[in-house]
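Here's the structure we're looking at; comments come further down.
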Amino acid sequence: MQNNKAFSWEAFEETPVVGILRNVSQEEVDFIVPIYISSGYSSLEITMNTEGATQLIAQLRDDYPSLNVGAGTVCSMDDLEKALMAGAQFIVTPIVNVEVIAKCKSLEVPVFSGALTPTEIYTAWEAGASAVKIFPCSQFGFQYIKDVLAPLNTIKVLPTGGVTKKNISNFFAAGATGVGMGSSLFPKEMIKEKDEKALRNHLSLIKNQIYHTIKV
């Protein structure tokens, strides 16, 4: 891994989406990433439970210097060490692990800690999370984000799970700082068929939904 560039908050804030790739092949990554970047997205997460995750992270760092490359499903210090050794520029967890958050904070590596309840959300934020990944949001929706942020309005949240092209504007309108998106951002059929035109159009439509909400 030759690229030593740090995470770009400026790029993330321009299009505040973390694209999540889980259980993808090298061939699929090679198809997705150029389209993703050229469609105006900047941040991509490879989950650590993907086969060959560390190799994919290292390769993406070398091949796409403009991309924020992160590691997801980081649950332990061992996961964190492997992710950082591979070159991950940001860390995403599905749970609140205060030790992982503290280590990332000490290294000035952005960490999006998973949490769900108000207590977990507040704990992750107080521990030093850069933003709190509200997960799984598929069971609660954007109204939950609005309700949580009423008393916890200083906390940056990143809803993940259940965010789609149809409702993404609602999440940002509810106060989300960003969102995490997996299969709803990278539809399996488009990937399987290598339908570049369809994927590019899909990504552009989602980005436009965000811009209409946060750029007004």
Side-chain angles (χ1 to χ4, degrees), residues 7 9 12-13 16-24 41-50 53-54 56-57 68-84 86 88-164 167-168 170-172 174-186:
F7 180 89
W9 281 105
F12 173 72
E13 289 166 0
V17 173
V18 174
I20 304 164
L21 291 179
R22 186 188 305 276
N23 297 328
V24 288
Y41 294 79
S42 65
S43 303
L44 192 66
E45 166 194 337
I46 303 294
T47 66
M48 289 296 285
N49 58 354
T50 295
T54 55
L56 285 173
I57 290 168
N68 288 326
V69 182
T73 318
V74 174
C75 296
S76 66
M77 291 298 288
D78 183 56
D79 290 339
L80 176 62
E81 182 179 356
K82 290 175 181 176
L84 294 176
Q89 293 161 292
F90 66 98
I91 299 297
V92 184
T93 79
I95 58 169
V96 180
N97 184 321
V98 173
E99 190 178 10
V100 167
I101 296 171
K103 184 63 175 180
C104 289
K105 185 178 181 181
S106 72
L107 296 173
E108 298 184 343
V109 173
V111 55
F112 305 136
S113 171
L116 183 59
T117 68
T119 297
E120 290 173 348
I121 294 165
Y122 185 79
T123 299
W125 182 253
E126 284 295 293
S130 309
V132 182
K133 168 187 168 181
I134 312 299
F135 173 81
C137 213
S138 54
Q139 302 302 312
F140 298 88
F142 58 85
Q143 185 60 46
Y144 182 69
I145 302 302
K146 187 175 181 180
D147 292 345
V148 165
L149 290 180
L152 302 177
N153 59 299
T154 61
I155 296 178
K156 295 180 179 180
V157 298
L158 192 88
T160 301
V163 182
T164 69
N167 66 21
I168 190 168
N170 293 323
F171 280 100
F172 281 103
T177 296
V179 296
M181 300 177 71
S183 58
S184 61
L185 189 64
F186 305 116

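Just so you know, these numbers come straight off a predicted model, no measurement behind them. Numbers here simply count residues along the sequence, with the first being 1.
- Residues F172 and G178 come closest through the heavy atom pair CE2-CA, 3.8 Å.
- Heavy atoms from other residues, nucleotides or ligands lying under 6.0 Å from CD of E108 number 12 at most.
- At a threshold of 4.5 Å between non-hydrogen side-chain atoms, the residues C104 and L80 count as touching.
- Note: N49 CG to T47 OG1 = 4.0 Å, rounded to the nearest 0.5 Å.
- Checking side-chain atoms of S130 against main-chain N and O of V111 turns up a donor-acceptor pair under 3.5 Å.
- With contacts defined as side-chain heavy-atom distances shorter than 4.5 Å, the pair C137/I145 qualifies.
- Contact record, A71 with E45: C-CG, 4.1 Å, taken as the closest heavy-atom pair.
- Expressed to the nearest 0.5 Å, how far CG of L158 lies from CZ of F12 amounts to 5.5 Å.
- When side chains are defined from C-beta on, V17 does not count as touching S43, because their heavy atoms never get closer than 4.5 Å.
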Practice problem: Would you check, one step at a time, whether the test side-chain contact (heavy atoms from CB on, under 4.5 Å) holds for C75 with I95? | Solution: CA-CA 7 Å; C75 296; I95 58 169; 4.1 Å; yes
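- Sequence neighbours left out, not one pair with a member in residues 121-137 passes salt bridge (Lys or Arg N to Asp or Glu O under 4.0 Å).
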Practice problem: List the steps and the verdict of side-chain contact (heavy atoms from CB on, under 4.5 Å) for Y144 and L116. | Solution: CA-CA 10 Å; Y144 182 69; L116 183 59; 4.1 Å; yes
Self-check item: Candidate pair S183 and R22, rule side chain to side chain donor-acceptor pair (under 3.5 Å), full reasoning
Solution: CA-CA 9 Å; S183 58; R22 186 188 305 276; over 6 Å; no
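- Contact check for M181 versus T164: no side-chain heavy atoms found under the 4.5 Å cut-off.
- For the pair L44 and N68, the minimum side-chain heavy-atom distance is 4.5 Å or more.
- The side-chain heavy atoms of M48 and T54, taken from C-beta on, include a pair separated by under 4.5 Å.
- Nearest heavy-atom pair, T73 versus D79, reported as atom, atom and distance to 0.1 Å: O-OD2, 3.9 Å.
- Scanning all heavy atoms of the two residues, the minimum distance from L21 to T50 falls at O-OG1, 3.9 Å.
- By the ring-ring contact (aromatic ring centres under 6.0 Å, His included) test, Y122 pairs with no residue at all, sequence neighbours left out.
- Of the listed residues (I101, I155, L152), just one forms a side chain to side chain contact (heavy atoms under 4.5 Å, CB included) with W125, and that residue is I155.
- Between the CD1 atom in I121 and the CD1 atom in I134 there is a gap of 3.5 Å [rounded to 0.5 Å].
- A distance of 5.5 Å separates CG in L185 from OH in Y41, rounded to the nearest 0.5 Å.
- Closest heavy-atom contact between S184 and V163: OG-O, 2.7 Å.
- Of all heavy-atom pairs spanning S76 and N97, the tightest one is CA-ND2, 4.0 Å.
- F90 pairs by the ring-ring contact (aromatic ring centres under 6.0 Å, His included) definition with F7, F112, not counting sequence neighbours.
- With values rounded to the nearest 0.5 angstrom, L56 atom CG is found 5.5 Å from I46 atom CD1.
- Residues V18 and V179 have side chains not in contact (no heavy-atom distance under 4.5 Å, counting atoms from C-beta outward).
- Taking CE of M77 as the start and CG of L84 as the end, the distance is 8.5 Å to the nearest 0.5 Å.
- No side-chain heavy atom of T177 sits under 4.5 Å from any side-chain heavy atom of E13.
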